[in-house]
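Everything below concerns the one structure shown next.
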Amino acid sequence: MSTTAELLKGAAELFPDEVVTSAHVRHFELPAGAGRFALITLDNGFDHTKPTTFGPQSLANLNTAIDQVEAEAANGEIVAAGITGKPFIFAVGADLKGVELLKKHDEALAIGKGGHDVFKRLSALAVPTFAYYNGAAMGGGVEVGLHCTYRTVSKALPAFSLPEVFLGLVPGWGGCAILPNLIGAEKAVQVIIENSLNQNRQLKGKQVFELGIADALFEGADFLEQSLVWTAGVLNGSVAVERPEIDRGEGWDAAVAKGRAIADSKVHGAAPAAYRALDIIEAAKDGDLQKGFDAEDQALADLIMGGELRSGIYAFNLVQKRGKRPAGAPDKSLARPVTKVGVVGAGLMASQLALLFLRRLEVPVVLTDIDQERVDKGVGYVHGEIDKLLGKGRINQDKANRLKGLVSGVLDKAEGFADADFVIEAVFEEMSVKQKVFAEVEAVAPAHAILATNTSSLSVSEMASKLRHPERVVGFHFFNPVAVLPLLEIVKGERTDDASLATAFGVAKKLKKTAVLTKDAPAFVVNRILTRFMGEIQNVIDEGTSVETAEKAVEPLGLPMSPLVLLELVGPAIGLHVSETLNRAFPERFTVSPNLKAVVEAGKRGFYVYKPENGFKPELDPEVAALLKQGDTVLTEQQVRDRVLDAVAQEIGLMLEEGVVAEAQDIDLCLITGAGWPFHLGGITPYLDREGVSERVNGKRFLAQGVASVPA
């Protein structure tokens, strides 16, 4: 049987590039004469921008520190021990770069076992142990604290979570077993399942305390000092720590059942992690922690060797790394400063854009439209949203006044845009209208000003073709709602120059958007793929398959919403318009559904109605059902799914051949950040590879083996 040290040594050899965390032990006398105390501080030697993680060597270092503390406790040299992190960071869990390198089940098992063997020693010491969550704590960082006897948390702590299920793992170093036994199954399911599947929702320090994960809450400024005073109180008996009785009966079972319902609604059985975590929580009901730890080890190893986790890590890396360094962006030194922004249009989209530019750039923003009433409404919307931020305490009165002072509206473009550096249009999606607007703006804006279009599908090159300076026109396609979806497709027209493109990327960064460079091709990336996807769903309905079967067929993809609910969100008229644009460009692949046309002409907002007596579940609108003209070809769910996925795989293959984006990775980044495509799929291309669709349709995988999959 291998010892923990041997296990970790073997794992460390597989992972030579680990950013190693040290575990420093220091001693001091506790206040009020409570005795000598040993504090372990986790620190990787970098500032807070490189958070502390646990790779094999880091776990080995913590193990060595515990050797020392264990000996001191056994010899009566200390009365208690604690663990904390470097400034602003406690620890953010396992080092995922190492997980990606694992090729064998037993290597993966060693990672789970190694973490458990080290962390368990904290609860086995001869003296009480304390975790001081001083800063960001995630995954294994949370779990190392759960193995301690007591925990305190800083009010300033910005992010605390068990995000493993979000990535395709389970909390595998004690989280699934200990947390429900500490705070009850219902709250544990909320933290482990619900928060993870809600785009990895984070807890703040106060919430960590209110959930009962921490026993005390202190201000950030003197957090460690206050924690040590409290520790002394616990040790000398002046502070009593009370924890609620855990419901180990029906309440526990109900919590697990609720967790399964949440998982079903989010991933529809398509990703195993949530269900494995719930199995461990269910089994932890009898309080046998070791049995829970063994189950965590097995689940961790199985999931590490599965495709979903590799896809989850791939998706995480896309968003965190590739999203911050866009492929193909020109040298940022070419970017010009933007000190004033013009917005053509004052409708809802234009007003959302004005608000975003105002909040992120904090420069004057001026809106124009065809009449004063529209202009006033647009400016009024921005003022109203600023008031909401003020009401929620997100900004103070001074900032609110300053922002309101920076936004204005005028009818005369010459007055509004004469000194603007960046002008974006958000007017009706019609080529002649857009060309007219740009001609008017070019006549009055400075020679250096960028002219940006928020078009979702029209040609940027054609829009710029009648201008004297087409080189300064760039596509700047946001996704609705603008404040929520991170993606910004930056479209390079045929004549867009590098300085204009660099300026666009510079602005995107200040707007805190994930920018992806795309060629000027019909509907760019997200809308082209979604329109092909939706078009195939629409086709099978038109041919005779029921709406219900067509919708259910793609449930295993675990998408955030079904295709027809998405159509409702986008708006059937916009969906029809984009399908018509793509049909003109690629008539052999993109159809225009007569049924969708009929729905739009009837003025319907979508295919469904939502009734309170049916719990607001989507039901086919009887008026829409009466409009549908269907053929007699009825497909099964599997046949529908195959057709839809084949169509998407074909379209992505063609887009990559056309050079719409640099690589398949950019397609995935666009779908994750612009369409909410699930992290556990890694976007779309890893899923198509894993299901064998890529090879069936295109004769090859989109990604090399080992990228978003287990290395060969």
Side-chain angles (χ1 to χ4, degrees), residues 197-202 266 319 323 341 343-361 365 367 369 374 377-392 394-395 403 407 424-429 452-457 475-491 507-516 523-531 533-534 559-575 577-578 605-606 608 610 616 618 669-679 683:
L197 293 179
N198 277 314
Q199 293 302 313
N200 191 20
R201 187 188 292 152
Q202 301 293 317
K266 294 286 185 182
V319 172
V341 173
V343 181
V344 186
L348 183 59
M349 189 66 176
S351 304
Q352 286 185 65
L353 294 180
L355 178 70
L356 180 71
F357 278 91
L358 184 67
R359 285 194 65 200
R360 297 283 187 239
L361 270 57
V365 174
L367 297 109
D369 213 315
R374 291 180 202 221
K377 193 176 172 191
V379 174
Y381 168 87
V382 176
H383 281 197
E385 292 300 307
I386 292 167
D387 286 336
K388 281 185 199 168
L389 293 168
L390 177 65
K392 288 177 185 166
R394 303 268 294 278
I395 55 173
L403 290 176
V407 67
I424 184 165
E425 68 72 27
V427 299
F428 187 64
E429 193 74 347
T453 168
N454 185 43
T455 182
S456 58
S457 60
F476 217 59
H477 179 219
F478 290 89
F479 289 77
N480 212 350
V482 170
V484 178
L485 290 172
L487 180 64
L488 181 53
E489 290 178 341
I490 295 186
V491 186
V507 169
K509 189 168 186 181
K510 285 190 175 144
L511 294 176
K512 298 189 175 169
K513 292 295 178 189
T514 300
V516 175
F524 318 125
V525 180
V526 173
N527 284 344
R528 179 161 163 187
I529 293 168
L530 288 185
T531 304
F533 176 81
M534 306 278 277
L559 300 176
M561 61 190 75
S562 76
L564 294 182
V565 173
L566 175 64
L567 181 68
E568 208 166 287
L569 186 74
V570 171
I574 293 172
H577 177 79
V578 178
R605 290 184 54 202
Y608 292 129
Y610 302 85
F616 296 101
L669 183 57
C670 284
L671 285 174
I672 291 164
T673 56
W677 217 275
F679 247 68

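In this pair, H477 and F479 present their aromatic rings tilted. The plane angle is within the 30 to 60° band.
With values rounded to the nearest 0.5 angstrom, R374 atom CZ is found 13.5 Å from L367 atom CG. Separation of atoms CZ (F533) and CG (L671) is listed at 10.0 Å; rounding is to 0.5 Å.
When every heavy atom of F476 is checked against every heavy atom of N454, the shortest pair comes out as O-OD1, 3.1 Å. Here the shortest heavy-atom pairing between I490 and A508 reads CD1-CB, 4.0 Å. The two atoms that bring C670 and V526 nearest to each other are O-CG2, 3.6 Å, heavy atoms only. Here the shortest heavy-atom pairing between L566 and M534 reads CD2-SD, 4.3 Å. A pairwise comparison of heavy atoms in T673 and L669 identifies OG1-O, 2.6 Å as the closest pair. Pairing each heavy atom of L567 with each of G575, the nearest pair is CD1-CA, 4.3 Å.
For D369, there are no side-chain hydrogen bond (donor to acceptor under 3.5 Å, both in side chains) partners, not counting sequence neighbours. With sequence neighbours left out, the ring pair (Phe, Tyr, Trp, His ring centres under 6.0 Å) criterion links Y381 to no other residue. Residues satisfying the salt bridge (charged side-chain N to carboxylate O under 4.0 Å, His left out) criterion with E385, sequence neighbours excluded, are K388. For F679, the ring pair (Phe, Tyr, Trp, His ring centres under 6.0 Å) partners are F166, not counting sequence neighbours. With sequence neighbours left out, the side-chain hydrogen bond (donor to acceptor under 3.5 Å, both in side chains) criterion links K377 to no other residue. Partners of K510 according to the salt bridge (charged side-chain N to carboxylate O under 4.0 Å, His left out) rule, which considers only residues two or more places apart in sequence or in another chain, do not exist here. Partners of S457 by side-chain contact (heavy atoms from CB on, under 4.5 Å), not counting sequence neighbours, listed by chain and number: E429, A523, H577, V578, T581. Not a single side-chain hydrogen bond (donor to acceptor under 3.5 Å, both in side chains) links R359 to another residue, sequence neighbours left out. A search for side-chain contact (heavy atoms from CB on, under 4.5 Å) contacts involving R605 returns nothing, not counting sequence neighbours. In this view, T453 and E425 satisfy the side-chain hydrogen bond (donor to acceptor under 3.5 Å, both in side chains) rule, not counting sequence neighbours. Evaluation of the side-chain contact (heavy atoms from CB on, under 4.5 Å) rule for D387 yields K404 as partners, not counting sequence neighbours.
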Would you give me the side-chain donor-acceptor pairs under 3.5 Å for residues 343-358, sequence neighbours excluded?
unit_1: S351; atom_1: OG; unit_2: A346; atom_2: O; d: 3.2
unit_1: S351; atom_1: OG; unit_2: G347; atom_2: O; d: 2.7
unit_1: Q352; atom_1: OE1; unit_2: V482; atom_2: N; d: 3.1
unit_1: Q352; atom_1: NE2; unit_2: N480; atom_2: OD1; d: 3.3

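Between the side chain of Q202 and the backbone N or O of N200 there is at least one donor-acceptor pair closer than 3.5 Å. Between the side chain of K513 and the main chain of E489, no donor-acceptor pair closer than 3.5 Å is present.
Using a 4.5 Å heavy-atom cutoff, the side chains of F524 and T455 are in contact. At a threshold of 4.5 Å between non-hydrogen side-chain atoms, the residues L530 and W677 count as touching.
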Query raised in the report: Between I395 and L403, does a side-chain contact (heavy atoms from CB on, under 4.5 Å) hold up when you go through it step by step?
Result: CA-CA 10 Å; I395 55 173; L403 290 176; 4.3 Å; yes

